[in-house]
Amino acid sequence: MARSRLDSVIRRLMAQRDCLNSAAGRVDDMPGLILELGLGNGRTFDHLRGLLPDRDIYVFERKVAAHPDCIPADNRLFLGDLTETLPDAAARLGRSAALVHADIGSGHADIDRELASMLAALLPPLVLPGGLVISDQDIPFENATPLPLPDGVDEGRYYFRRLG
Ligand code: SAM
């Protein structure tokens with residue numbers, strides 16, 4: 001039987017969970033903040049805070065519309081467009097993130113590509129040397145090492161990069 005759209009959604013979400021689980025394991029011995037870009041309905045934020053309960057997680061979102069149980073505290077939320085909030089965060093937090101998870105896809109290839117290229121400049125001032133960025137978009141960092149995806153996750157579904 002051909003794969004249904006339900007099958008595709010389940011596969012995509014399982015891959016996303018595998019990526020978060022793997023990323024959390026990789027930063028286990030690296031102190032630092034966690035940054036969640038794109039709160040959406042809060043699913044991945046909720047998963048990350050379960051995986052990394054002792055870490056400070058800062059969330060970036062232009063408009064909060066998450067499940068009420070998955071809304072971060074005001075002092076952990078950067079509200080507004082990433083092009084403005086990431087520079088604010090860099091000024092406030094400096095290079096302090098061990099892990100960034102960016103799930104910012106809009107489904108519009110041009111918009112997503114443009115945002116990804118802005119993130120290539122806006123994220124490094126926030127990420128510790130050796131910190132991990134995992135993302136649904138291919139962010140064209142200048143100084144980053146691609147890491148293998150977790151077993152079973154198709155190439156191009158997620159991107160793992162270790163920043164220099
Ligand atoms: N990870 C979320 C979850 O599990 O529920 C889903 C995130 S959803 C795919 C993408 C989110 O990124 C949207 O909520 C959208 O508002 C946010 N977003 C996209 N571009 C943004 C930008 N330039 N500035 C701030 N937020 C942005």
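In listed order, ligands and their atoms are each counted from 1. As the structure is a prediction and not an experimental result, all values here were calculated from the model.
Of the residues listed (Ile57, Asn21, Leu35, Val59), the one engaging Leu48 in a side chain to side chain contact (heavy atoms under 4.5 Å, CB included) is Ile57, and it is the only one.
Gln137 contributes no side-chain N or O that, together with a main-chain N or O of Ile139, makes up a donor-acceptor pair within less than 3.5 Å.
Residues passing the side-chain hydrogen bond (donor to acceptor under 3.5 Å, both in side chains) test with Arg113, sequence neighbours excluded: Asp110. For Phe45, there are no ring pair (Phe, Tyr, Trp, His ring centres under 6.0 Å) partners two or more places apart in sequence or in a different chain. By the side-chain hydrogen bond (donor to acceptor under 3.5 Å, both in side chains) test, Ser8 is found to be paired with no residue, residues two or more places apart in sequence or in another chain being considered.
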Can you list every pair where an N/O of ligand 1 is under 3.5 Å from an N/O on the protein?
residue, atom, partner, partner atom, Å
ligand 1, 1 (N), Gly38, O, 3.3
ligand 1, 1 (N), Thr44, OG1, 2.7
ligand 1, 1 (N), Asp103, OD2, 2.7
ligand 1, 4 (O), Thr44, N, 3.0
ligand 1, 4 (O), Thr44, OG1, 3.3
ligand 1, 5 (O), Leu39, O, 3.3
ligand 1, 5 (O), Asn41, N, 3.0
ligand 1, 5 (O), Asn41, OD1, 3.0
ligand 1, 5 (O), Gly42, N, 3.2
ligand 1, 5 (O), Arg43, N, 3.2
ligand 1, 14 (O), Gly40, N, 3.3
ligand 1, 14 (O), Glu61, OE1, 2.7
ligand 1, 14 (O), Glu61, OE2, 3.3
ligand 1, 16 (O), Glu61, OE2, 2.5
ligand 1, 23 (N), Arg62, NH2, 3.3
ligand 1, 23 (N), Asp81, OD2, 3.2
ligand 1, 24 (N), Leu82, N, 2.9
ligand 1, 26 (N), Arg62, N, 3.2

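Taking a 6.0 Å sphere around CE of Met30, one finds it holds more than 12 heavy atoms contributed by other residues, nucleotides or ligands.
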